[in-house]
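The structure under discussion appears below in the form of structure tokens.
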Amino acid sequence: MSTCKGPDLLQEHVGVLKSRMGTFYPGSHVIFRGHDLHAELNDMDWVELYVFGITNRRFSKEQLKLMHAIWTYTSYPDVRLWNNRVAALAGSSRSTGNLGVAAALAVSEASIYGRGIDMRAISFLIRTRRQIADGIELTDCIKQELETHRSIAGYGRPLINGDERNPHILALAHRLGMDQGPYLRLAMSIEHTLFTGRWRMKMNYAGVVAALVADIGLSPREYYLFLFPAFLAGMQPGFIEAADRPEGTLYPIPCADVQYQGESHRPWKTREK
Amino acid sequence: MSEQIKPHSIQTRIWREEPESNNPFAARAAFCHGYDVYGEMLGNARWVEMLYLLFRHEAPSTPQADMLEALAVALANPGPRDASVHAAMCGGVCGSTAASSLMAALAVGAGQYAGGHEVFLAMEAWAVCGTDLEAWRRHISQNNHTSGSIWPESEHAPGFDPHGVCTATPVKQTLDCLAGFNCGKHLSWLQQNLSAMEAMAACPLALSGAAAAALFDMGFTPDQGEMLHLLLRLPGAAAHALEQRPLGYKKFPFGSVELVGETAQENV
């Protein structure tokens, strides 16, 4: 690692990138994290390659099947969902599919769902497990998190308290022998404490998935990057349907359906300057 | 203004429209915070007055509008060496869509190194520390990162240039110009305490830092300042993306990669 600072540090990097990750040799071959993509990694399943790219680690068939399912079970072709609606509005507005879906994935980094919650959920589990190992009571960990964020990421849900995805992903984890990890057990304990306590919150999909992936061994940043395409498969159907309808007909809003709560009419020219 | 809540209605304090008599989906008149946009503002209001009105709910004073316009000029083009403009040019140079070039500029210009979130953090610091040098000393020296955030930990004091040697001339010029509008106390305080602030941050003030202080002086919140910083830097990104398009990728630097070894691990 260079000890340079300031402009010397920048000068050291002009035009050249030293990379562990890979490069391509036009007309010849591609190196992907130290391996020839077409000769050594060509039989890889796409998700396997995706998580290999993130972690530089290989995963068992069971782990990959669970990671596949984590994406599959949360792919909802429902354009009411805010991120999906962005893709569909792009279709209705006759934008391109790439722009619509890229923007939809970008807004999936929300604070009440998606990546914002996912990062908080896995960080909370990792921190709580460490604190419990240090002798702190689970209830105190929960109270501390509530004081910081006023909610527990992975518990409760914007629309309803309970999650239709959880029994299915937990059943699969059971079938794969992956439902006894320490983080999943901790997540269950947290749910029990929250549900039987005054908070009355159940675990949602973000909570269970964070625990399952923490048990697989991904760090918060690895988990965050792994989840990027989580909602993707639910977006294209909405785009297609909106693009096939007459233009501008997805959720049209008449003027009267805008509930105005601001200032009454006032003149511009005589305003105070 | 109806008090009746409809399940499909949108609530807003910003915008009211009156429908044409023969089409409930076409506006006959639009009002922004009460001002008739097409009937009165159009042709009379400046772009920056509209901008200020949208965010702050009130029309700006003349000095505030002048200051926002000056800031908009300062931020309009970060130049082709800036990462966000570089990203936009990556779109332009290969014929990507116009929107994708702007999305690229927004994504890259959103960060904590010279980007929108840096302005957000710097404005949060102004809200916490104000003109108290000791409060700044504490704030800069402590870890202000929230665990579990999607944003990485700051690697330098927000609003300062970690690779700078001294305050860059355009930063000084911007600071001097904006402080001259006398719209608040923070920019002039920053001018007077620049050396002390830079010593605490261990690096010189950046343009994002001058912008953050200016936006704070104009009364914008950190959320609003972040949005405005993203918005006001787009013109240059757009122009550079368009300029690169006919030049093509052959005249755009491709760079080189030197591979260093890496071995995969089993996940056990």
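We name chains A, B, ... by the order of the sequence lines, and we start the count at 1 in each one.
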Interface check, chain B: of Ser111(A), Gly22(A), Cys255(A), most non-hydrogen pairs under 4.5 Å belong to Cys255(A)
Tell me whether the count of non-hydrogen atoms from other residues, nucleotides or ligands lying under 6.0 Å of CZ in Arg80(A) goes above 12. no
So which residues of residues 84-92 of chain B are in contact with chain A at a heavy-atom cut-off of under 4.5 Å? none
To the nearest 0.5 Å, tell me how far Leu99(A) CG sits from Thr97(B) OG1. 4.0 Å
Heavy-atom distance under 4.5 Å between the side chains of Met21(A) and Val257(B), does that happen here? no
Considering only heavy atoms, which portion of Ile14(B) lies under 4.5 Å from any heavy atom of chain A: side chain, backbone, both, or neither? backbone
About how many Å separate CD of Glu49(B) and CZ of Arg271(A), when rounded to the nearest 0.5 Å? 4.5 Å
So which part of Trp151(B) gets closer than 4.5 Å to some heavy atom of chain A, the side chain, the backbone, both or neither? neither
Nearest-0.5 Å distance, CD of residue Gln11(B) to CD of residue Gln259(A): 6.5 Å
In this structure, are over 12 heavy atoms from other groups packed under 6.0 Å from Glu247(A) atom CD? no
Is the shortest heavy-atom distance from the side chain of Val258(A) to the side chain of Trp15(B) under 4.5 Å? no
Taking all non-hydrogen atoms of both residues into account, name the closest pair between Tyr35(B) and Arg266(A) and its distance. CD2-O, 3.3 Å
Quick check on Pro19(B) against chain A: is it the side chain, the backbone, both or neither that has a heavy atom closer than 4.5 Å? both
Looking at Met227(B), I'd like to know if its CE atom is crowded, meaning that more than 12 non-hydrogen atoms belonging to other residues, nucleotides or ligands lie closer than 6.0 Å. no
What donor-acceptor contacts under 3.5 angstrom involve side-chain atoms of residues 111-118 of chain B, with partners at least two apart or in another chain?
| residue | atom | partner | partner atom | Å |
| --- | --- | --- | --- | --- |
| Gln112(B) | NE2 | Pro152(B) | O | 2.9 |
| His117(B) | ND1 | Glu226(B) | OE2 | 3.2 |
| Glu118(B) | OE1 | Ala114(B) | N | 2.5 |
| Glu118(B) | OE1 | Ser208(B) | OG | 3.3 |
| Glu118(B) | OE2 | His156(B) | NE2 | 2.6 |
| Glu118(B) | OE2 | Gly159(B) | N | 2.8 |

Exercise: identify the closest heavy-atom pair between Arg127(A) and Ser147(B): NH1-OG, 2.6 Å
Validation: residues 213-223 of chain A side-chain donor-acceptor distances under 3.5 Å, sequence neighbours left out:
| residue | atom | partner | partner atom | Å |
| --- | --- | --- | --- | --- |
| Asp215(A) | OD1 | Tyr183(A) | N | 2.8 |
| Asp215(A) | OD2 | Tyr183(A) | N | 3.4 |
| Asp215(A) | OD2 | Leu184(A) | N | 2.9 |
| Ser219(A) | OG | Glu222(A) | N | 3.2 |
| Glu222(A) | OE1 | Arg57(A) | NH2 | 3.0 |
| Glu222(A) | OE1 | Ser219(A) | N | 2.9 |
| Glu222(A) | OE2 | Arg57(A) | NH1 | 3.1 |
| Tyr223(A) | OH | Ala210(A) | N | 3.2 |

Looking only at heavy atoms, which of residues 115-124 of chain A get nearer than 4.5 Å to chain B? Arg115(A), Gly116(A), Met119(A), Arg120(A), Ser123(A)
With a 4.5 angstrom heavy-atom cut-off, which part of Thr146(B) approaches chain A: side chain, backbone, both or neither? side chain
Under 3.5 Å, is there a donor-acceptor pair between the side chain of Glu40(B) and the main chain of Trp268(A)? yes
For Asp45(A), is the CG atom crowded, meaning more than 12 foreign heavy atoms sit under 6.0 Å from it? yes
Does any non-hydrogen side-chain atom of Glu263(A) lie less than 4.5 Å from one of Glu58(B)? yes
Please find the pair of heavy atoms, one from Ala102(A) and one from Met103(B), that lie closest to each other, and give the distance. CB-CE, 4.0 Å
Region of Ala153(A) in contact with chain B, defined by heavy-atom distances below 4.5 Å: neither
Step through the shown structure and confirm whether more than 12 heavy atoms of other residues, nucleotides or ligands are within 6.0 Å of CZ on Arg94(A). yes
Flag if over 12 foreign heavy atoms under 6.0 Å of CD, Gln11(A): no
Looking at Pro254(A) and Phe25(B), what are the two nearest heavy atoms and their distance? N-CE2, 3.3 Å
Measuring heavy-atom distances to chain B, does Ile253(A) have an atom under 4.5 Å in its side chain, in its backbone, in both, or in neither? both
Tell me if the OH atom of Tyr38(B) is crowded by more than 12 foreign heavy atoms within 6.0 Å. no
Roughly how far, to the nearest 0.5 Å, is the OH atom of Tyr260(A) from the CD atom of Glu17(B)? 11.5 Å
Given heavy-atom pairs under 4.5 angstrom as the criterion, report whether the side chain, backbone, both or neither of Ala26(B) touches chain A. backbone
Could you tell me the separation between the CD atom of Gln261(A) and the CZ atom of Arg13(B), rounded to the nearest 0.5 Å? 8.5 Å
Under 4.5 Å from any heavy atom of chain B - which part of Tyr25(A): side chain
Test your reading of the model: is there a side-chain donor-acceptor pair from Arg16(B) to the backbone of Ser264(A), 3.5 Å cut-off? no
